[in-house]
Every structure is written in structure tokens, then in C-alpha cells.
Amino acid sequence: MNFLENIHANLFTFEGVGFLLRGPSGSGKSDLTLRVLDEGGALVSDDRTDIFADNDNKIYGQPPEALKGKLEIRGIGIITHPYTPSCFIDVICDLCNSYARMPEDNSIIFHSEAIKYYRINPFESSIIAKLRIMAQTLRESR
């Protein structure tokens with residue numbers, strides 16, 4: 001595996017799909033990750049994610065050594081949580097307050113790989129259902 005970069009992002013698996021959440025501090029990355037874990041998802045990394053490419057240029061993420069199994073919960077603090085050591089990044093979600101009602105293209109080039117892409121509001125009451133639909137759609141297209 002070739003190290004590419006360390007980014008400010010969370011990574012988890014949900015419904016068999018690896019989701020990379022990007023957004024500034026306080027945008028809801030850890031809050032959404034906590035809700036996903038409560039729905040059966042698996043933590044990979046919180047706050048920072050190391051990005052790697054394998055020999056086939058598939059993009060993976062893993063937690064930096066110092067953050068393995070750590071999750072920050074605002075108002076509570078940093079807790080230790082079971083984690084998955086790494087996963088393939090299937091979907092990148094940028095966290096925002098508004099987004100296109102009908103996005104024209106839902107993929108981006110990330111380290112020379114086309115990856116599914118969405119802009120999402122992590123605080124919408126339907127966000128877990130939306131993540132399930134994203135995962136289902138991606139699994140069906142494989």
C-alpha cells in the first residue's frame with residue numbers, strides 16, 4: 001500500500017460500504033458517525049484518516065496510529081470504541097447545509113480514482129435512511 005495523505009475526515013463502513021465524511025470541525029462528522037455506529041455501522045477513523053492506494057490504485061483509509069479506536073463525542077469527550085483497521089473508500093460525502101435537489105454527477109476523481117460523491121446535511125432526520133439508499137445503490141451497481 002502506498003501512503004497518499006492524511007486528511008481531516010471520518011471513515012466508517014455501513015451496509016457493506018465505506019463512507020468517507022469530509023467537513024470542517026463542528027460540521028457533524030463525529031455526530032453522524034456515532035449515529036451510524038448506533039445503527040450497526042463500524043468505525044474506521046474519527047477526525048483524521050490516512051489515505052492509501054493499493055497496487056491497483058484502489059483507495060483505502062485507516063486511522064492514524066494515535067487515533068485508533070478513538071471517537072470524540074461533543075459534550076462527553078473522547079471514548080474508546082471497537083474499530084475496523086481499514087476499508088475501501090466507496091463513497092465520499094462532503095458535509096454541508098444545502099445541496100442540489102437533483103445532482104447532475106455523483107462522482108469525483110480522488111487520487112486518480114472515480115469515487116461516488118454526495119453533498120449531505122448530517123443533521124437531517126432522514127440521513128441514516130439516505131446513507132442506506134446510497135449503500136444499496138452502490139452494491140447493486142457493483
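Bear in mind the structure is a predicted one, so any value in this text is a computation, not a measurement.
With respect to L21, the side chain to side chain contact (heavy atoms under 4.5 Å, CB included) criterion is satisfied by exactly one of S27, S30, C93: C93. Of the listed residues (Y60, F88, F3), just one forms a ring pair (Phe, Tyr, Trp, His ring centres under 6.0 Å) with F52, and that residue is F3.
A donor-acceptor contact shorter than 3.5 Å links the side chain of T49 to the backbone of A9. D90 places no side-chain N or O within donor-acceptor distance of the main-chain N or O of V17, the cut-off being under 3.5 Å. Panel note: side chain R22, backbone I7; no donor-acceptor pair is recorded below 3.5 Å. Under a 3.5 Å cut-off, the side chain of D54 and the backbone N or O of M1 do not form any donor-acceptor pair. A donor-acceptor distance shorter than 3.5 angstrom exists from the side chain of R48 to the backbone of N6, with no hydrogens or angles considered.
Inspection of the N97 and N121 side chains reveals no N or O donor paired with an N or O acceptor under 3.5 Å.
Hydrophobic clustering, with ILVMFWY side chains joined whenever heavy atoms are under 4.5 angstrom apart, keeps I51 apart from L67. Note on L138: it clusters hydrophobically with M134, by side-chain heavy-atom contacts below 4.5 Å among ILVMFWY residues. When hydrophobic clusters are built by joining Ile, Leu, Val, Met, Phe, Trp and Tyr residues whose side-chain heavy atoms come closer than 4.5 Å, directly or via intermediates, Y117 is not grouped with F12. V44 and L71 sit in two unconnected hydrophobic clusters of ILVMFWY residues. Membership requires side-chain heavy atoms under 4.5 Å apart, directly or through other members. A continuous path of ILVMFWY side-chain contacts below 4.5 Å connects L4 to F110, so both sit in one hydrophobic cluster.
Classified by interplanar angle (parallel below 30°, tilted 30° to 60°, perpendicular above 60°), the ring pair F14/F19 is tilted.
Across every non-hydrogen atom of R74 and S25, the tightest pair is NH2-OG, 3.5 Å. Counting all heavy atoms, side chain and backbone alike, H8 lies closest to G23 at CD2-O, 3.1 Å. Nearest heavy atoms, G18 versus C87: CA-SG, 4.0 Å. The minimum heavy-atom distance linking P122 with C96 is given by the pair CD-O, 4.0 Å. Contact record, D46 with E72: OD2-N, 2.9 Å, taken as the closest heavy-atom pair. Shown here for I128 and L32, the closest heavy-atom pair between the two residues is CD1-CD1, 4.1 Å.
For the atom pair K130 NZ and S125 OG, the distance stands at 8.5 Å (nearest 0.5 Å). Remark: D94 CG to L20 CG distance equals 8.5 Å, nearest 0.5 Å. Remark: L37 CG to L43 CG distance equals 5.5 Å, nearest 0.5 Å. Interatomic distance, I120 CD1 to L95 CG, rounded to the nearest 0.5 Å: 5.0 Å. In this structure, L131 CG and E15 CD are separated by 9.5 Å, a value rounded to the nearest 0.5 Å. One finds the CG atom of L11 at 9.0 Å from the OG1 atom of T33 (value rounded to the nearest 0.5 Å).
At most 12 non-hydrogen atoms from other residues, nucleotides or ligands lie less than 6.0 angstrom from NZ of K58.
Between I127 and R35 there is a side-chain heavy-atom pair separated by less than 4.5 Å. K70 has its side chain within reach of T80: a pair of non-hydrogen atoms, C-beta onward, lies under 4.5 Å apart.
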